There are 2 protein chains.
Amino acid sequence: MSSFAPTEQRLAVTCRRQPAFPREPAVLVRLVKHLHKRVHDAANATLKPWGISHPEYNILMMLYGTEGYALNPSQLAEAAGEKSANITRLADSLCDKGLIERTASDEDRRKVSLSLSRAGLAMIDEFMPSVCALLERQTAGMKPAETAQLERLLKKFLNQLEQD
Amino acid sequence: MSSFAPTEQRLAVTCRRQPAFPREPAVLVRLVKHLHKRVHDAANATLKPWGISHPEYNILMMLYGTEGYALNPSQLAEAAGEKSANITRLADSLCDKGLIERTASDEDRRKVSLSLSRAGLAMIDEFMPSVCALLERQTAGMKPAETAQLERLLKKFLNQLEQD
DNA sequence: TCCATATATTTCATATATGAAATACAAACA
DNA sequence: TGTTTGTATTTCATATATGAAATATATGGA
């Protein structure tokens with residue numbers, strides 16, 4: 001039995017008490033919250049041996065996924081879904097650990113460039129097997145057609161949320 | 001263009017650099033993160049006029065969705081997806097605002113009962129129109145068959161995440 | 001050039017969340 | 001009864017995240 005069942009039961013009660021309450025969006029929103037928590041906790045547990053958190057991992061991987069391995073704090077904030085103030089703190093922490101480097105931009109000196117260091121690249125290579133294994137496990141029960149369909153629908157949902 | 005496009009582009013680069021990196025679970029995980037952020041921010045903005053946060057709203061609604069309008073902190077932690085230490089803090093805050101009441105259980109005095117107060121119920125009735133409108137907007141672009149399909153697939157995904 | 005306005009980033013105060021230890025009571029049983 | 005073990009909740013130190021103000025630089029006219 002899924003941990004979500006009691007939540008669903010409570011939604012049913014709520015719908016009975018508030019006839020205008022729309023069940024479908026509410027159930028989707030609560031599923032997203034539960035999923036996020038699971039994903040976040042599992043990622044933190046997997047990354048613990050390397051001494052980095054899930055948000056720090058996201059920063060590293062955004063840089064890794066960029067030609068040149070470098071981004072500005074503002075691009076990083078957008079990509080990683082963090083506020084810029086938070087990027088400063090995460091970047092500080094990753095700099096302290098020697099995983100990224102902070103350099104001033106020449107063309108526009110308001111800008112800062114955050115780039116993966118040699119050590120950062122090496123760490124990614126190190127934790128990659130564990131991360132891949134985690135990701136594989138997380139969709140192990142689903143058929144490729146299902147994950148593809150889920151991706152399509154989540155994108156549609158996200159687009160809708162971005163309308164506001 | 002969705003804010004997700006650059007993230008997707010970075011995943012493509014990552015897959016090229018790490019052939020073992022499984023794109024599909026990774027894209028799903030990142031979509032969940034983006035969705036969660038949007039949902040959380042939109043809820044906070046909608047609830048601001050009532051002086052409560054999204055996590056506080058969740059606590060109130062979990063109680064509202066329960067016969068008798070009362071739960072223990074541990075049940076609430078499970079239902080709302082918060083750690084018990086966090087429930088204490090949120091409950092303190094809601095008590096201070098007079099929206100819930102904390103009473104000791106008679107049968108088992110290790111337990112505490114958190115119940116909606118009259119004022120809490122009244123506040124729910126007040127913000128309900130705004131919350132319903134928000135929820136409606138959030139799925140406005142999707143057909144009922146699509147949201148139903150999305151719900152089904154998200155539950156399957158969540159079940160899989162709970163296997164570990 | 002000088003000024004006004006805009007953008008990028010950081011700082012700081014505060015809010016929010018977590019793990020681990022502490023507390024309080026319950027239940028089982030010698 | 002007294003002791004042990006287990007469960008529910010809270011406390012506390014610390015980690016994490018946010019908004020708003022501060023800082024620094026850029027850009028586009030007057």
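Every chain is numbered from 1, with letters handed out A, B, ... down the list of sequences. In this text, all values refer to a predicted model and were calculated from it rather than measured experimentally. Just so it is clear, the values below take in all heavy atoms, side chains as well, and ignore hydrogens, waters and symmetry mates.
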In terms of side-chain geometry, is the basic nitrogen of A:K155 or A:E162 positioned less than 4.0 Å from the acidic oxygen of its partner? no
Minimum-distance nucleotide to B:K111 side chain [options: D:dA17, D:dA8, C:dA17]: D:dA8
Heavy atoms only, 4.0 Å cut-off, all strands: where does B:S84 land among base, sugar-phosphate and nothing? base
Separation of atom NZ in B:K37 from atom C1' in D:dT18, rounded to whole Å: 10 Å
Residue pair A:L99 / A:I59, side-chain heavy-atom distance below 4.5 Å: no
DNA chain D: A:R110 or A:N86, which has the more 5' nearest nucleotide? A:N86
CZ of A:R89 versus P of C:dA13: gap in Å, rounded? 17 Å
OP1 or OP2 of D:dT7 versus the side-chain N and O atoms of B:S74: is any pair under 4.0 Å? no
Quickly work out the A:H36 NE2 to D:dA17 C1' distance and round it to whole Å. 12 Å
Give the rounded distance in Å between these two atoms: CD1 of A:I52 and C1' of D:dA15. 16 Å
Side-chain N or O of B:K83 versus OP1/OP2 of C:dG19: is the shortest distance under 4.0 Å? yes
Looking at C:dA8, I'd like to know if its phosphate oxygens (OP1 or OP2) sit under 4.0 Å from a side-chain N or O belonging to A:R109. no
Within less than 4.0 Å of OP1 or OP2 of C:dA15, is there a side-chain N or O belonging to B:S53? no
Take atom NE2 of B:H40 and atom C1' of C:dA17, then tell me their distance rounded to the nearest Å. 11 Å
Give a yes-or-no answer on whether the side chains of A:E56 and A:S93 include a donor-acceptor pair shorter than 3.5 Å. yes
Separation of D:dT16 atom P from A:E56 atom CD, nearest Å, is 7 Å
Ranking A:D41 and A:Q75 by the position along DNA chain C of their nearest nucleotide, the one closer to 5' is A:Q75
Indicate yes or no for a side-chain donor-acceptor contact from B:Q160 to the backbone of A:R137 under 3.5 Å, with no hydrogens or angles considered. yes
Just how far, in rounded Å, is P of C:dT16 from NE2 of B:H54? 13 Å
Mind calculating the distance between CD (A:E107) and P (D:dA26) to the nearest angstrom? 10 Å
Tell me whether the count of non-hydrogen atoms from other residues, nucleotides or ligands lying under 6.0 Å of CZ in B:R118 goes above 12. no
Taking the side chain of B:A85 as heavy atoms from C-beta outward, which of C:dT10, D:dC12, D:dG19 is closest to it? D:dC12
Looking at the side chain of B:V112, which of D:dT18, C:dA26, D:dT10 is the nearest nucleotide? D:dT10
